[in-house]
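One structure below.
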Number of protein chains: 2
Amino acid sequence: MFRFRFFIIALFLYTLFPRAYALTPAELHTVGSKRDADAGIISTSSSPFAKLHGIPPRAVHLGDGFWKKRFTVNIERSIPTFFTLLNDVGARDKLLGRKNKARGNSDADLAKWVEAASFALQSQDNRRLRDMLQRVVNDILISSAENGYLHTRYLKRMPANLAKSRTSGDLYCLGHLIQASIAHYRATGDKQVLNVLTPYIDNVIELFGPGKQSCWSGHPEIEMALVELYRTTGKKEYLDFVRFLLDEVNYGEIEREHETDFEHYFAGLPFRFRKELSGHAVCALYKCCGAADYYLETGDKEVWLALMGLWDDLAKYKMYVTGGVGSRPWDEAIGNRYELPNERGYAETCAAIGNVMWNWRLLHAGGEARFADIMELALYNGVLSGVSIDGDKYFYWNPLRSKSDLAQEGYDEGTKDLLALKKEKGISLNIRQRYYRTPCCIPNIQRMIASLPGYMYSTSAEGLWIHLYDSSRLNWHLENGKKLTLRQDTRYPWGNTVEITFESAPAEDFSLFFRIPGWTTSAKVNINGSFFCVIHNPGHYHEIRRSWEKNDRVEIVFDMPVRVVHANPYVRENLGCAAIQRGPLIYCVESTDHQDVSVFDIVLPLNLSDLSQGFEVKFEPNLLGGIVTIMSDVLARGPVSSDEKLYSFERFPKASRPVKMTAIPYFAWANRGRSEMEVWIPWTVKE
Amino acid sequence: MFRFRFFIIALFLYTLFPRAYALTPAELHTVGSKRDADAGIISTSSSPFAKLHGIPPRAVHLGDGFWKKRFTVNIERSIPTFFTLLNDVGARDKLLGRKNKARGNSDADLAKWVEAASFALQSQDNRRLRDMLQRVVNDILISSAENGYLHTRYLKRMPANLAKSRTSGDLYCLGHLIQASIAHYRATGDKQVLNVLTPYIDNVIELFGPGKQSCWSGHPEIEMALVELYRTTGKKEYLDFVRFLLDEVNYGEIEREHETDFEHYFAGLPFRFRKELSGHAVCALYKCCGAADYYLETGDKEVWLALMGLWDDLAKYKMYVTGGVGSRPWDEAIGNRYELPNERGYAETCAAIGNVMWNWRLLHAGGEARFADIMELALYNGVLSGVSIDGDKYFYWNPLRSKSDLAQEGYDEGTKDLLALKKEKGISLNIRQRYYRTPCCIPNIQRMIASLPGYMYSTSAEGLWIHLYDSSRLNWHLENGKKLTLRQDTRYPWGNTVEITFESAPAEDFSLFFRIPGWTTSAKVNINGSFFCVIHNPGHYHEIRRSWEKNDRVEIVFDMPVRVVHANPYVRENLGCAAIQRGPLIYCVESTDHQDVSVFDIVLPLNLSDLSQGFEVKFEPNLLGGIVTIMSDVLARGPVSSDEKLYSFERFPKASRPVKMTAIPYFAWANRGRSEMEVWIPWTVKE
């Protein structure tokens, strides 16, 4: 009790001197071992089965391109406003054991927020953010000081009691706290949070496992966190524990009681035997992330084969054209093969993020572009649609069609109390919310955008890899330690040209690998202004090996037509419909741009022999933060008579009214008030 | 306590002499007032705003046609086997207050079963059924004897306590018990159950209502039950209470606490202000039934206008082509306009039954054929699909497409304990179940089929109305009391000819009204072998007024081609697809009949200028109890390569492989083991 009072006093003193624990800008990035400070989003520099190795976000400085705007809004608006919301709902109070008002998993939301803030600080020193971060870090330290363990709803128990409650989110929260402590450590060199967690984790490892108490992970998350902890500490016990969790063979009575939950949590079957993705979309994808991390450390071939089978299952049968995942709103689950409802799917923002994280891990194994292609698709579409352009409103669901009134839980502007959310009636699916009852997606997209610079490049023994195109400056080194500075200038994804300039390069042969995305038909490459080659087989990394010199300039011009996407006819929802894609961006039609026609009346007349279709592409600098719109002359059904039947023995009249269609990128919808939206548009043969 | 022991002893004695309370066949139908014995499914003989008046089921004797088989299986197999199941799950024990094992609303299941058995006994004296019925009736009597009120989970409380629990099903169960007591009384003349319920109901009426305690009905059902009780007893208080419930204006604090449930239960808004159907499908439709009953007694124009608006909303926007209702499995709700998913809809059997019951009530108002058309459509398709051909396996959901593994709760053959149902994993949607955790649909379809003879004919001041066609003999009278006997001979819906023969008729002018169904193009009428007329405007009742004589014979020949049904293009699920209909029957393709092709690969080549399409129609006496199949030469996609993409910039190959398609009536699917099924089939222009 005395010790507790001491910490209350310490807390009081801290509020008087808020900078007392905070690091100065100079301290940032200078502490910790070199390996930790240099770690990428995941630290595969010593992973024996990773061909690629990440680059820390701080090594990449975003230029004035597509992501810079989002990155800045994320730091200046998204991350701070969510800090305030977490405060308001009592998540910090709960962490401190003061109140129990916040929802169950709020520790995980706070932890993801810590990760987001830590990644952001790697790239940009921001005093306000640093102070906020330090306040949460101090919360964690204070709350854990009393009994040597964290003291929150989930973690206030001694680890020995985990067995009684581990389906309820213990290990999920613990996993997020581990990731947060690692991100914080890598950003600041401050090991305090990690040190506080370690005895708790070690106790878990000691109590559970093969031949000890049985255990399963509940909502997957702890798997990837523990592999990263293994990468950070070198303690093999953590990796072994992940294998134990992935093998799921040591179930005891308590687990058997939860057998009906197994399908939902993607549990109950050794991961290596998995053939199909199923259950809760985020659970399934997070477990795949953990398994991929495990593979990178162990080279377990059975796990890799399972991963490849599951990846095929997703890419060939179960993924939305936006990279979103999750077809069934009622249990937030992945559906059957080809079950991809547009209006009633749920495609949680967290699931699209899980898709990016999984493909990022798979990409590290061998540098296969198919993984980066899906990563890019999900990032620009299913993930980015999760946050508003102004950065403080979000989507939990990301349907591909929105009529108006299908509801999700949300926070109504008129509601004073954030926790008094409209559960039953919900919030319309086409209105972004500042807060959701389960706000998991909010800090998740914040950490994704904050860490984005770390997803752009990798190194391998052969040289440098470029995964994502955006204006940026890389200040890094080859794997032999020799310094390399490189600039990307591009208006990608609006423009189709990328210029890569070496600002400094070691005087030796090394390879530049750059991705030729699957969405292009061909790419023309010039080096230092001279024609170099045309690449006709997209969907791979093109390698150019030479002794690069300062001011060497590679220009890549992607063929970037507007393309019409057809879905497999087994996806009955999309039969007779087409989607519009340009570059990595999926487009949609939104009612806001169509005064004379309902978006659901639009019919695309397609010229089947000429795929260029006469779409008009235009950059609109003042629209939705600056986007490329796609316009076209299309047809529409006439204004529908109120007597129109639901079913008829006659064919319904064909669309014949000429109208102008304006399509915008899917990610940008629902930023101009309530609207209706459609991705898959009915088409007809152009006559 | 002594009184309770007395009843236990009485129960014991009763088991020794099970026939002690039972009525002899001679007693059946002979007791009770003439009005009660003569009542139709609903008794509108004195309803001032009912143009039509029902006929008791016992006045119609089914001949050897379509429904006779189902009617017989219902009595010989369905009703008795469900009695055993209700026993097994403890529903009777619960009613007797002995055990509390059965699920909450089991009183309602028992009550619906009593209704089913009572209707069945009107048509067919069946000793086994009579004994079973008497046992349940005795249960009710015994359970209620102790304190003057029924003694079950819901009704054991004094009515005064209703206020604390009325969202949980009290009034729903009470409503079903009222309907059961009325059906039992009408079938047997035995008023005991009605007498036991009356004080309970009267107490409810006394305690709640305008100016008294506030109240709402929870799951609607009590409304139609109380109108029928008003019709049976003449007590206006019951009708007033229904108005009070429909107006929903007297909510107190307790109701406001349940405000979030209002949308689900179709409550919270005065019925007269309703414009759209929403919420739980069965709740919405049952409330519409109650409101229609209320209209027939009061002529309340606002209620009628609301009913017509809601009917339009259903018929034009929200009904499956099978007459099924309910698009959202996650809350069993009616969806948005045009939201009609085939695989993931739920279309509960009870909702299709609610659709029949509602249209039956609306039909009574003015004899409009559009109501009878939907009633027929739902009966032959969305309702009848709810029970297996052998009569003891059921569907709770009735999707229009079934791939295999989308699950609903059900009873696995391997499960010993009926209540230990597979909740999470569920039962595949394409396997009929003997029992469901919520088995409401089972006794509901039993009472529907048991009462079916009562849906075939009505009378009005002008004469006799024929709503449904089936071989049958009507032994009844005109509204002036003059005897009329008439025979229908037909193979409908397999055959297109109906022969109506007067076996006896009063010597006076009266009208015969017969329905020209909306699905036909024309109907040819002959009288006594001579041409009479051709009717070109289907969808109305054709009236022939004359002095009919014994042996007068009316032959109606319906044009009954195979017709291709198109859905409004706003139903995106059905875009590019067509359904097949012949007569009132919607057809489907089932994998069982297609060895060489997946039903999901079938494409219909349609000749747009010739709608007859060359379908081959064939009666198969030994298939599925005798059905007409529809065969056609169609196209199929080639065997799908495992490398086939989910999305492509190229069009997917057209179907070009010629195959033979066999379609069966939708109601008959899933009777030959596990299968895949499709109603809406992609079509292409025939080249």
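Here is the naming used below: chain letters follow the sequence lines, and residue numbers restart at 1 for every chain.
- With sequence neighbours left out, Y647(A) forms a ring-ring contact (aromatic ring centres under 6.0 Å, His included) with W680(B).
- E339(A) has no carboxylate O lying under 4.0 Å from a charged side-chain N of K403(B), or vice versa, which leaves the two without a salt bridge.
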Between L646(B) and Y570(A), is a side chain to side chain contact (heavy atoms under 4.5 Å, CB included) present by the stated rule, with each step listed? CA-CA 9 Å; L646(B) 181 54; Y570(A) 285 141; over 6 Å; no

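- The parts of R337(A) that come within reach of chain B are both its backbone and its side chain, each placing non-hydrogen atoms under 4.5 angstrom from that chain.
- Taking every heavy atom of both residues into account, H566(B) and E650(A) meet most closely at CD2-O, 3.6 Å.
- A distance of 5.0 Å separates CZ of R637(B) from CG of N568(A), quoted to the nearest 0.5 Å.
- Checked against ring-ring contact (aromatic ring centres under 6.0 Å, His included), F266(B) has no partners two or more places apart in sequence or in another chain.
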Between K645(B) and K316(A), does a side chain to side chain contact (heavy atoms under 4.5 Å, CB included) hold up when you go through it step by step? CA-CA 6 Å; K645(B) 289 178 172 178; K316(A) 284 189 184 162; over 6 Å; no

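- For the pair L575(B) and G576(A), the tightest heavy-atom approach, listed with the atom from each and the gap, is CD2-O, 4.1 Å.
- Annotation: side chain of V564(A) is not in contact with side chain of F649(B) (no heavy-atom distance under 4.5 Å).
- With a threshold of 4.5 angstrom between heavy atoms, A315(A) approaches chain B through N, CA, C or O but not through any side-chain atom.
- Between E343(B) and R572(A), no side-chain nitrogen of the basic residue sits less than 4.0 Å from a carboxylate oxygen of the acidic one, so the salt-bridge criterion is not met.
- Looking at V571(A), the atoms closer than 4.5 Å to chain B (heavy atoms on both sides) all sit in the side chain, from C-beta outward.
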